[in-house]
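All values below were derived from every heavy atom in this structure, side-chain atoms included, with hydrogens, water molecules and symmetry-related copies excluded.
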Amino acid sequence: MYRTPLCLALAFALAVCMMTQSRVASATDAVNASTTKTTVTLKVLTCESCAKKVAEKLTEVRGVGSVKTDVKSKTAIIVPKRSATLSPLQLWEAIEKAGKEPVKLEGPSGTFKCKPKQ
(Lines give C-alpha, C1' and ligand atoms only; values in the text may rest on other atoms or scores of the structure.)
Protein backbone atom coordinates (compact mmCIF):
# COMPACT_ATOMS: atom_id res chain seq x y z
CA MET A 1 0.00 0.00 0.00
CA TYR A 2 2.81 2.44 0.84
CA ARG A 3 5.28 0.94 -1.64
CA THR A 4 4.41 3.12 -4.65
CA PRO A 5 4.58 6.50 -2.85
CA LEU A 6 7.79 5.40 -1.12
CA CYS A 7 9.37 4.38 -4.45
CA LEU A 8 8.35 7.68 -6.02
CA ALA A 9 9.78 9.64 -3.10
CA LEU A 10 13.07 7.74 -3.29
CA ALA A 11 13.27 8.21 -7.06
CA PHE A 12 12.65 11.94 -6.64
CA ALA A 13 15.28 12.21 -3.90
CA LEU A 14 17.81 10.36 -6.07
CA ALA A 15 17.10 12.65 -9.04
CA VAL A 16 17.57 15.77 -6.90
CA CYS A 17 20.81 14.38 -5.48
CA MET A 18 22.19 13.61 -8.96
CA MET A 19 21.28 17.09 -10.25
CA THR A 20 23.02 18.70 -7.27
CA GLN A 21 26.17 16.63 -7.81
CA SER A 22 26.18 17.57 -11.49
CA ARG A 23 25.96 21.28 -10.66
CA VAL A 24 28.71 21.00 -8.05
CA ALA A 25 30.95 19.16 -10.54
CA SER A 26 30.29 21.80 -13.22
CA ALA A 27 31.09 24.60 -10.80
CA THR A 28 34.24 22.84 -9.65
CA ASP A 29 35.37 22.30 -13.25
CA ALA A 30 34.77 25.98 -14.02
CA VAL A 31 36.84 27.08 -11.00
CA ASN A 32 39.63 24.64 -11.85
CA ALA A 33 39.68 25.80 -15.48
CA SER A 34 39.93 29.44 -14.44
CA THR A 35 42.81 28.73 -12.03
CA THR A 36 44.79 26.51 -14.40
CA LYS A 37 44.24 28.30 -17.70
CA THR A 38 47.11 30.00 -19.49
CA THR A 39 46.67 33.24 -21.39
CA VAL A 40 49.12 34.19 -24.12
CA THR A 41 49.20 37.68 -25.61
CA LEU A 42 50.58 37.92 -29.12
CA LYS A 43 52.34 40.87 -30.74
CA VAL A 44 50.17 40.63 -33.85
CA LEU A 45 46.97 38.67 -34.44
CA THR A 46 44.97 40.37 -37.16
CA CYS A 47 42.74 37.74 -38.76
CA GLU A 48 40.68 34.66 -37.97
CA SER A 49 42.85 32.53 -40.26
CA CYS A 50 45.93 33.38 -38.20
CA ALA A 51 44.03 32.77 -34.98
CA LYS A 52 42.94 29.36 -36.25
CA LYS A 53 46.54 28.45 -37.13
CA VAL A 54 47.69 29.46 -33.64
CA ALA A 55 44.92 27.37 -32.06
CA GLU A 56 45.83 24.35 -34.20
CA LYS A 57 49.49 24.52 -33.18
CA LEU A 58 48.56 24.93 -29.50
CA THR A 59 46.23 21.92 -29.56
CA GLU A 60 49.17 19.81 -30.73
CA VAL A 61 50.91 20.44 -27.39
CA ARG A 62 50.52 17.47 -25.05
CA GLY A 63 48.02 18.14 -22.27
CA VAL A 64 46.08 20.95 -24.00
CA GLY A 65 42.34 20.46 -23.59
CA SER A 66 40.98 23.51 -25.40
CA VAL A 67 42.12 26.75 -26.98
CA LYS A 68 40.16 29.94 -27.53
CA THR A 69 41.71 32.70 -29.59
CA ASP A 70 40.56 36.31 -29.76
CA VAL A 71 41.74 38.54 -32.60
CA LYS A 72 40.47 41.71 -30.94
CA SER A 73 42.50 41.23 -27.73
CA LYS A 74 45.34 39.36 -29.54
CA THR A 75 45.15 36.50 -27.04
CA ALA A 76 44.99 32.74 -26.87
CA ILE A 77 43.47 31.14 -23.77
CA ILE A 78 44.61 27.58 -23.20
CA VAL A 79 42.83 25.22 -20.80
CA PRO A 80 44.64 21.98 -19.94
CA LYS A 81 43.11 18.54 -19.87
CA ARG A 82 42.13 17.32 -16.42
CA SER A 83 45.21 16.75 -14.22
CA ALA A 84 47.60 17.96 -16.95
CA THR A 85 50.34 20.51 -16.36
CA LEU A 86 51.26 22.53 -19.41
CA SER A 87 54.80 23.54 -20.27
CA PRO A 88 55.12 27.31 -20.81
CA LEU A 89 58.06 26.64 -23.14
CA GLN A 90 56.07 24.23 -25.31
CA LEU A 91 53.16 26.68 -25.53
CA TRP A 92 55.50 29.54 -26.46
CA GLU A 93 57.22 27.43 -29.13
CA ALA A 94 53.88 26.26 -30.56
CA ILE A 95 52.93 29.87 -31.16
CA GLU A 96 56.29 30.53 -32.79
CA LYS A 97 55.68 27.49 -35.06
CA ALA A 98 52.43 29.16 -36.11
CA GLY A 99 54.52 32.11 -37.29
CA LYS A 100 53.47 34.46 -34.49
CA GLU A 101 55.37 36.22 -31.72
CA PRO A 102 54.18 35.82 -28.12
CA VAL A 103 54.84 38.85 -25.93
CA LYS A 104 53.35 37.63 -22.63
CA LEU A 105 52.36 34.25 -21.19
CA GLU A 106 50.42 34.12 -17.91
CA GLY A 107 49.55 30.84 -16.25
CA PRO A 108 49.91 28.63 -13.19
CA SER A 109 53.69 28.44 -13.77
CA GLY A 110 54.07 32.22 -13.67
CA THR A 111 54.19 35.19 -16.00
CA PHE A 112 56.73 35.29 -18.81
CA LYS A 113 57.57 38.22 -21.09
CA CYS A 114 60.32 36.35 -22.90
CA LYS A 115 60.72 32.71 -23.90
CA PRO A 116 60.54 30.46 -20.80
CA LYS A 117 63.40 28.08 -20.08
CA GLN A 118 61.11 25.12 -19.31
Side-chain angles (χ1 to χ4, degrees):
M1 180 166 159
Y2 294 107
R3 232 184 262 173
T4 302
L6 181 60
C7 287
L8 287 173
L10 287 174
F12 179 74
L14 180 61
V16 169
C17 183
M18 290 175 66
M19 287 176 25
T20 302
Q21 286 179 335
S22 175
R23 287 183 185 158
V24 169
S26 295
T28 302
D29 289 346
V31 169
N32 288 341
S34 68
T35 58
T36 60
K37 73 179 180 181
T38 299
T39 302
V40 182
T41 305
L42 294 95
K43 186 173 186 176
V44 177
L45 190 63
T46 55
C47 67
E48 289 300 324
S49 178
C50 296
K52 184 178 178 182
K53 187 174 182 181
V54 167
E56 287 173 356
K57 290 297 181 185
L58 286 168
T59 56
E60 293 174 5
V61 174
R62 193 180 77 190
V64 170
S66 66
V67 177
K68 181 181 177 196
T69 54
D70 183 22
V71 173
K72 188 175 182 178
S73 65
K74 300 180 198 169
T75 59
I77 298 173
I78 304 107
V79 177
K81 292 179 181 173
R82 186 180 298 270
S83 301
T85 302
L86 300 177
S87 161
L89 175 62
Q90 289 177 349
L91 296 175
W92 192 283
E93 289 177 341
I95 293 171
E96 290 177 333
K97 286 178 186 174
K100 297 296 172 187
E101 182 182 348
V103 292
K104 185 177 179 184
L105 185 148
E106 297 175 274
S109 300
T111 300
F112 303 89
K113 292 189 177 184
C114 60
K115 192 171 187 175
K117 296 188 194 267
Q118 295 183 7

Quick check for you: to the nearest 0.5 Å, what is the distance between Lys53 atom NZ and Cys47 atom SG? 10.0 Å
Note: Glu60-Lys97 ion pair, threshold 4.0 Å (strictly below): no
Nearest atoms (heavy-atom pairs only) where Ile77 meets Lys37: CG2-CD, 3.8 Å
Are side-chain heavy atoms of Val71 and Glu48 found at a separation under 4.5 Å? yes
Do you reckon Ile78 sits in the same ILVMFWY cluster as Leu89, going by side-chain contacts under 4.5 Å, direct or chained? no
Could you tell me which non-hydrogen atom of Pro102 sits nearest to which non-hydrogen atom of Val40, and how far apart they are? CB-CG1, 3.9 Å
Between Thr69 and Ala55, what is the shortest heavy-atom contact and its length? CG2-CB, 4.1 Å
If you compare all heavy atoms of Leu91 against all heavy atoms of Val61, which two are closest, and at what distance to 0.1 Å? CD2-CG1, 4.1 Å
Do you know the tightest heavy-atom contact between Gly63 and Ala84? O-CB, 3.7 Å
Does some side-chain heavy atom of Thr111 sit less than 4.5 Å from a side-chain heavy atom of Lys104? yes
Distance, nearest 0.5 Å, that separates CG of Leu45 from OG1 of Thr75: 8.0 Å
Looking at Ser109 and Phe112, what are the two nearest heavy atoms and their distance? O-CZ, 3.8 Å
Using a 4.5 Å cut-off on heavy atoms from C-beta on, say whether the side chain of Thr38 contacts that of Pro108. yes
Would you give the length of the straight line joining atom OG1 of Thr39 to atom NZ of Lys68, rounded to the nearest 0.5 angstrom? 10.5 Å
Do Lys57 and Ile95 have side chains that get closer than 4.5 Å, going by heavy atoms? no
